[in-house]
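The figures here come from the full heavy-atom set of this structure, side chains too, leaving out hydrogens, waters and symmetry mates. Note that the structure is predicted; figures quoted are calculated from it, not measured. Along the sequence shown, residues carry numbers from 1.
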Amino acid sequence: MLELAEGIDESNAWVYLEGEEHDEEEGEEHSEEEGEEHGHGGTDPHIWLDPKGAAIYVNRIAARVAAELPERAAEIESARDAGLAEIAALDEELRVGFAAVEASSRKIVTFHDAFGYFARAYEIEIVGVAVEAPGQEPSAKEIAALIDAIKAAGVTSVFSEAQFPSKVLDQVAAETGATVLENLYSDALGDAPANSYLGAMRANASAILASFK
Ligand SMILES: [Zn+2]
């Protein structure tokens, strides 16, 4: 915990982002508006799906709030530390959970290209995605390639995302015999218990772990 809080400051956060080849200039802004093109073609902005990435945000938010409210610095610091401790515990819990599954079984297919950071954190292979970003329609060729990848990998389930209903997954499932599993949380929270960051992350992890069995 202490290590996490001390290890990630603003300058390290930048190193982290650079290390992930994250380009802040290009298409990173993440549109929440439904129906609008989801502006992250070519880059994956979902850093928060790795708890270590979420910790970066917590540090940044705490620093910004403390700058606005210096008289409450101690309070902000303790809230930050409590949040970082919960995030570190989440990270450890997920690490242990995924490590218990044989590496060759850790494979997922998701709706959009959102789980790169999550997959890297827990050594999960992303076999494919239906679309790079919501709002896009995959070509027949792309759908065929995804179907081939799913068959080759022996994946038996594909994950939908509540925020982005899609017929593509149904088609892919019909042609591969895979089951469409509902719903991962990538860009928005859900109903309780997925109505918090920690809750959504745990819901994702338990759905993904269950899909490996
Ligand atoms: Zn997204």
Side-chain angles (χ1 to χ4, degrees), residues 17-50 53 98 101-190 194 200-201 203-213:
L17 295 177
E18 284 194 318
E20 300 289 350
E21 293 180 2
H22 201 84
D23 192 337
E24 300 223 348
E25 307 274 295
E26 278 175 35
E28 196 202 342
E29 283 308 315
H30 209 256
S31 169
E32 296 287 334
E33 283 162 53
E34 215 171 333
E36 195 174 297
E37 192 175 345
H38 192 67
H40 58 71
T43 57
D44 177 0
H46 309 82
I47 303 168
W48 56 89
L49 294 179
D50 175 352
F98 284 106
V101 177
E102 208 182 320
S104 61
S105 302
R106 285 183 237 143
K107 295 175 180 176
I108 55 171
V109 175
T110 63
F111 170 62
H112 87 295
D113 191 11
F115 285 84
Y117 285 90
F118 186 90
R120 276 191 289 279
Y122 305 113
E123 296 178 52
I124 296 163
E125 180 191 341
I126 296 176
V127 170
V129 295
V131 295
E132 198 173 89
Q136 297 174 347
E137 280 297 326
S139 65
K141 197 177 158 192
E142 287 168 329
I143 294 173
L146 178 59
I147 288 168
D148 288 347
I150 288 171
K151 287 178 176 168
V155 171
T156 57
S157 53
V158 297
F159 282 100
S160 62
E161 293 169 53
Q163 203 188 359
F164 309 113
S166 163
K167 288 200 172 72
V168 177
L169 287 176
D170 295 329
Q171 182 188 346
V172 165
E175 294 195 32
T176 58
T179 307
V180 180
L181 300 177
E182 298 172 1
N183 276 318
L184 295 183
Y185 302 99
S186 57
D187 297 60
L189 299 175
M201 288 294 288
N204 284 346
S206 67
I208 290 170
L209 281 167
S211 79
F212 293 156
K213 303 220 164 82

To the nearest 0.5 angstrom, please state how far the [atom1] atom of [X] sits from the [atom2] atom of [Y].
X: Ser166; Y: Glu137; atom1: OG; atom2: CD; value: 7.0 Å
X: Arg106; Y: Ile208; atom1: CZ; atom2: CD1; value: 12.5 Å
X: Ser186; Y: Phe164; atom1: OG; atom2: CZ; value: 5.0 Å
X: Leu146; Y: Thr176; atom1: CG; atom2: OG1; value: 8.0 Å

Can you see which heavy atom on [X] is nearest to which on [Y], and at what distance?
X: Asp113; Y: Val129; result: CA-CG1, 3.9 Å
X: Val155; Y: Ser157; result: CG1-O, 3.0 Å
X: Ala194; Y: Leu189; result: O-CB, 3.5 Å
X: Val127; Y: Lys107; result: CG2-CB, 3.7 Å
X: Ala173; Y: Val180; result: CB-CG2, 3.6 Å

For Phe118, the option from Phe98, Tyr185, Phe159 that meets ring-ring contact (aromatic ring centres under 6.0 Å, His included):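 Looking at Phe98, Tyr185, Phe159, the match for Phe118 under the ring-ring contact (aromatic ring centres under 6.0 Å, His included) is Phe98.
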Side-chain touch Ile143/Glu175, heavy atoms, less than 4.5 angstrom: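 Result no, sub-4.5 Å side-chain heavy-atom pair not found.
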Neighbour count >12 (heavy atoms, 6.0 Å) for atom CD, Glu125: yes
